[in-house]
Asker: 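Just dropping this structure here.
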Amino acid sequence: MRIGKITENALKRSVLKQIRTEYKNIESAAVGSDCAFSYDKKTFSATFPLVADVSDAGYYAVVKVVNSLRSQGIIPDHVTLSVLLPVDAEEKELKKIVADAIEGSRACSIIYAGGHTEVTSAVTRPVVTANAVGYPGENPVFDCKPKAGDALIVAGFVALEGTAILAKEKKEELKKRYPVPFIEEAERFKALLPINSEAAVAIKSGASSIHDVSSGGIFAALWEMAERAGTGLSVDLKKIPIRQETIEVCEFLEANPYFLTSGGALLIACDNEEKMISALNEIGVNAAAIGFLQDGNDRVIVNGEEKRFLELPQADEIHRILL
């Protein structure tokens, strides 16, 4: 199997099919959903393992798992961490992971409630898994379905998370071309990843569906949104909001920003793009209409005069670069 998030077909065959067979009359996780849930007890959960070789693993794992809940209108209650350490790990590594997790919890306004740590020969570097539990807010969208005709809006900028990670982990290489202040500005994108306010505003402004743009980047999120809707889509590549720092870092490292992990951005489907963009702009969030869902199965990316079909989600670029 490929490195990174498993393919959609593998997810359907080996995971969701078994869940639906076992629990035929119970609705829960689905392709394109950012969290799992229990209707009876009104509890929601999300999990995320940070397996890339990232120095701020605790922070990114917590922010990503909390964003998964908030993007669905779920109010997180607490987060826990499972940490697997290799046998040659030192205690200072664990201390930093926990400190980073607390920093991420603080940024997301959630309680860090501990977890489990184990040293094992099964791993060669720390593996950090964050789990968050929450309850529904006033208007959750976890079971809402987008439809053909909905506009597609990106709140924030794509690949911010990947840019921040790469700027820190590849700083010495990047210094060969770019000045230090430029690289440090890219590193500071880390602070832009929590989506507390923008998710709440998007829901209040009539989002029919919201997807946390995370592993696999914006192209994976677009595919998953269309899968959830059961439709095609048409997207203008040039309208996808992306920071210049991201373009520069990705060009230097030969990474495709559209396949790069994009925590901090939301993909929103709605039937009133002007209202949505205005509401997000009012709270200082950049937002752009990039296309729409359409009848049929064609999922088209337009780049000037060129048109091509969106491919099945690829492995996240972060894994290729940081291996």
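The structure displayed is predicted, hence computed values, not measured ones.
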Asker: Arg188: which residues meet the salt bridge (charged side-chain N to carboxylate O under 4.0 Å, His left out) condition with it, sequence neighbours left out?
Answerer: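 Salt bridge (charged side-chain N to carboxylate O under 4.0 Å, His left out) list for Arg188, sorted by chain: Glu185.
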Asker: Applying the 4.5 Å side-chain criterion to the ILVMFWY set and letting contacts propagate, would Ile321 and Ile183 be lumped into a single cluster?
Answerer: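 Yes, because Ile321 and Ile183 connect within a single hydrophobic cluster, where side-chain heavy atoms sit under 4.5 Å apart.
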Asker: Are Arg320 and Glu317 ion-paired here, with the side-chain N under 4.0 Å from a carboxylate O?
Answerer: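 A salt bridge is present here (some side-chain N lies under 4.0 Å from a carboxylate O).
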Asker: With sequence neighbours left out, write down each residue that passes side chain to side chain donor-acceptor pair (under 3.5 Å) with Glu245, or none if nothing qualifies.
Answerer: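 Only Arg243 meet the side chain to side chain donor-acceptor pair (under 3.5 Å) criterion with Glu245.
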Asker: With sequence neighbours left out, write down each residue that passes side chain to side chain donor-acceptor pair (under 3.5 Å) with Lys147, or none if nothing qualifies.
Answerer: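 Testing Lys147 for side chain to side chain donor-acceptor pair (under 3.5 Å), a comparison that skips the adjacent residues, returns Asp150.
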Asker: In this structure, which one of Lys175, Lys170, Lys176 forms a salt bridge (charged side-chain N to carboxylate O under 4.0 Å, His left out) with Glu173?
Answerer: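 So the option named by the test is Lys170.
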Asker: Pick out which of Glu227, Glu224, Glu311 makes a salt bridge (charged side-chain N to carboxylate O under 4.0 Å, His left out) with Arg299.
Answerer: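 Considering Glu227, Glu224, Glu311, a salt bridge (charged side-chain N to carboxylate O under 4.0 Å, His left out) with Arg299 is found only for Glu227.
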Asker: Measure from the side-chain N and O atoms of Thr117 to the backbone N and O of Val83, and report whether any donor-acceptor pair falls under 3.5 Å.
Answerer: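 No, the answer is negative, given that no donor and acceptor are paired below the 3.5 Å cut-off.
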Asker: Should Glu198 and Arg70 count as an ion pair when the cut-off is N to O under 4.0 Å?
Answerer: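 No, no charged N to carboxylate O under 4.0 Å.
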Asker: Excluding sequence neighbours, so at least two apart, what forms ring pair (Phe, Tyr, Trp, His ring centres under 6.0 Å) with Phe48?
Answerer: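 Partners of Phe48 by the ring pair (Phe, Tyr, Trp, His ring centres under 6.0 Å) criterion come out as none, since no residue qualifies.
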Asker: Looking only at atom types and distance, does a side-chain atom of Ser71 sit under 3.5 Å from a main-chain N or O of Ser68, one as donor and one as acceptor?
Answerer: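 Looks like yes, one N/O pair under 3.5 Å.
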Asker: Determine all donor-acceptor pairs shorter than 3.5 Å in which one atom belongs to a side chain in residues 122-138; sequence neighbours excluded.
Answerer:
from, atom 1, to, atom 2, distance (Å)
Arg125, NE, Val51, O, 3.2
Arg125, NH2, Val51, O, 3.1
Asn131, OD1, Thr47, OG1, 2.7

Asker: Quick one: side chain to side chain donor-acceptor pair (under 3.5 Å) pairs with a partner in residues 284-297, sequence neighbours left out?
Answerer: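 For residues 284-297, and leaving out neighbouring residues, there are no side chain to side chain donor-acceptor pair (under 3.5 Å) pairs at all.
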Asker: Can you list the residues that meet the side chain to side chain donor-acceptor pair (under 3.5 Å) rule with Glu274, with sequence neighbours excluded?
Answerer: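 Checked Glu274 against side chain to side chain donor-acceptor pair (under 3.5 Å); zero matches.
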Asker: Of all residues at least two apart in sequence or in a different chain, which pass the side chain to side chain donor-acceptor pair (under 3.5 Å) check with Tyr112?
Answerer: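 Once residues adjacent in sequence are excluded, Tyr112 has no partner under the side chain to side chain donor-acceptor pair (under 3.5 Å) criterion.
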Asker: List the atom of Ile74, the atom of Pro140, and the distance in Å for their closest heavy-atom pair.
Answerer: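 Answer, listing the atom of Ile74 first, then Pro140: CD1-CB, 4.2 Å.
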Asker: Return the set of residues passing side chain to side chain contact (heavy atoms under 4.5 Å, CB included) with Glu248 (not counting sequence neighbours), or none when no residue passes.
Answerer: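 If we apply the side chain to side chain contact (heavy atoms under 4.5 Å, CB included) test to Glu248, skipping adjacent residues, the hits are Tyr178, Phe182, Gln244.
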Asker: Can you list everything that forms a ring pair (Phe, Tyr, Trp, His ring centres under 6.0 Å) with Phe219? Sequence neighbours excluded, please.
Answerer: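 Here the qualifying residues are Tyr258, Phe259.
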Asker: Donor-acceptor pair, distance only, cut-off 3.5 Å: does the side chain of Lys96 make one with the backbone of Ser55?
Answerer: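 Yes; judged by distance alone, with no hydrogens or angles, the pair exists.
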Asker: If you count every heavy atom of other residues, nucleotides or ligands that lies below 6.0 Å from Ile247 atom CD1, does the total exceed 12?
Answerer: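 For Ile247, atom CD1 is crowded (more than 12 foreign heavy atoms under 6.0 Å).
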Asker: Could you tabulate the donor-acceptor pairs under 3.5 Å formed by side-chain atoms of residues 231-241, not counting sequence neighbours?
Answerer:
from, atom 1, to, atom 2, distance (Å)
Asp236, OD1, Lys238, N, 3.0

Asker: Side chain to side chain contact (heavy atoms under 4.5 Å, CB included) with Ser197: which residues, sequence neighbours excluded?
Answerer: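 If we apply the side chain to side chain contact (heavy atoms under 4.5 Å, CB included) test to Ser197, skipping adjacent residues, the hits are Ile283.
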